[in-house]
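Heads up: the structure comes next, in structure tokens.
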Amino acid sequence: MILLGVNIDHIATLRNARGTLYPSLLTAAGIVEQNGGDFITVHLREDRRHIKEDDLYMLTKSVSTYINLEMACNEDVLKHALNAKPYKITLVPERREELTTEGGLNVVKNLNKITEYCSELKNAGIIVSLFIEPKINEIDLFLKTGASELEIHTGKYAEAKLHEQNAILNEIKKFTDEALKNKLRVCAGHGLNYHNVQAICKIKGIEELNIGHSIISQSIFLGLAKSVYEMKKLIREAEVL
Ligand code: PXP
């Protein structure tokens with residue numbers, strides 16, 4: 001069964017807009033967990049624009065599933081990651097001026113740094129995943145880092161016109177096969193929504209999806225419980241089709 005990680009960063013965005021204590025991340029995490037979310041994803045950014053380190057500490061202690069922390073290779077964030085010890089960390093690229101994570105890690109350019117971070121996190125008992133573009137010719141490099149999992153950036157697929165999507169899905173499929181042959185666990189995420197998620201779920205071998213913006217947006221109209229439930233339902237249905 002494909003696992004669903006729900007990214008709750010934008011609950012914090014709403015909270016921070018007024019500096020209030022609500023909406024509560026803990027309440028959100030509980031609702032996610034009770035309605036089909038398999039774990040909680042948060043991104044502690046260098047500029048702390050949504051999740052703060054106190055949120056990370058509170059959530060890692062309190063959730064009943066587990067935390068997947070997205071973070072860039074940044075010393076200050078690493079310090080908090082090692083103190084909070086989430087179950088898994090997904091290393092992502094980060095630029096201050098970006099609206100969201102644009103593209104996957106540049107492992108060619110940053111191999112040494114990424115490998116150092118992987119080693120330090122693994123030594124602390126944390127599973128490490130890399131957020132990458134599905135480039136088959138880089139799989140050897142991904143293996144060198146020591147990460148055990150890859151999260152395929154699905155942004156290109158999500159933004160593609162209908163007639164361009166099949167080619168991108170094929171690339172993701174070929175990449176997934178190759179990653180699995182190399183014993184890497186495969187996850188996917190970014191830009192997935194209620195309309196485009198099922199095609200990704202049909203790619204055999206993808207074990208986990210991380211979805212945030214579409215679910216939190218839908219929750220404005222349907223409520224968080226129903227929004228998570230409906231996404232998980234689409235995922236389950238796609239798997240049996
Ligand atoms: N996976 C990773 C690694 C991300 O950085 C993000 C965005 O924070 C997501 C998944 C979720 O993307 P979206 O909010 O578009 O669903």
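Whatever order the structure lists them in is the order used to number ligands and atoms, beginning at 1. Below, each value reflects all heavy atoms present in this structure, side chains not excepted, and no hydrogens, waters or symmetry copies.
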Of all the atoms in ligand 1, which lie at a distance below 4.0 Å from a heavy atom belonging to [X]?
{"X": "Asn7", "result": "8 (O)"}
{"X": "Val92", "result": "3 (C)"}
{"X": "Ile211", "result": "16 (O)"}

How close does the nearest protein non-hydrogen atom get to [atom], and which residue and atom is it?
{"atom": "atom 14 (O) of ligand 1", "result": "His213 N, 2.9 Å"}
{"atom": "atom 15 (O) of ligand 1", "result": "Gly191 N, 2.8 Å"}
{"atom": "atom 8 (O) of ligand 1", "result": "Glu70 OE1, 3.2 Å"}
{"atom": "atom 5 (O) of ligand 1", "result": "Thr101 OG1, 3.0 Å"}
{"atom": "atom 16 (O) of ligand 1", "result": "Gly212 N, 2.8 Å"}
{"atom": "atom 12 (O) of ligand 1", "result": "His190 CA, 3.4 Å"}

Whether [X] side chain and [Y] backbone form a donor-acceptor pair below 3.5 Å:
{"X": "Glu164", "Y": "Lys161", "answer": "yes"}
{"X": "Thr145", "Y": "Phe142", "answer": "yes"}
{"X": "Arg48", "Y": "Arg45", "answer": "yes"}
{"X": "Glu33", "Y": "Thr65", "answer": "yes"}

**OP:** Give the contacting part of Glu151 toward ligand 1: side chain, backbone, both or neither, where contact means a heavy-atom distance below 4.0 Å.
**Re:** side chain
**OP:** Have a look at ligand 1 and work out which part of Asn210, if any, has a heavy atom under 4.0 Å from it: side chain, backbone, both or neither.
**Re:** both
Original post:
Do the rings of His10 and His213 sit parallel, tilted or perpendicular, given the 30° and 60° boundaries?
Top reply: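 Answer is perpendicular, since the angle exceeds 60°.
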**OP:** Classify the ring geometry between Tyr66 and Tyr87 as parallel (under 30°), tilted (30 to 60°) or perpendicular (over 60°).
**Re:**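 The arrangement is tilted - the two ring planes meet at 30° to 60°.
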Original post:
Would you say Lys52 has more than 12 foreign heavy atoms packed within less than 6.0 Å of its NZ?
Top reply: yes
Original post:
Any salt bridge between Glu239 and Lys202, counting N to O under 4.0 Å?
Top reply: no
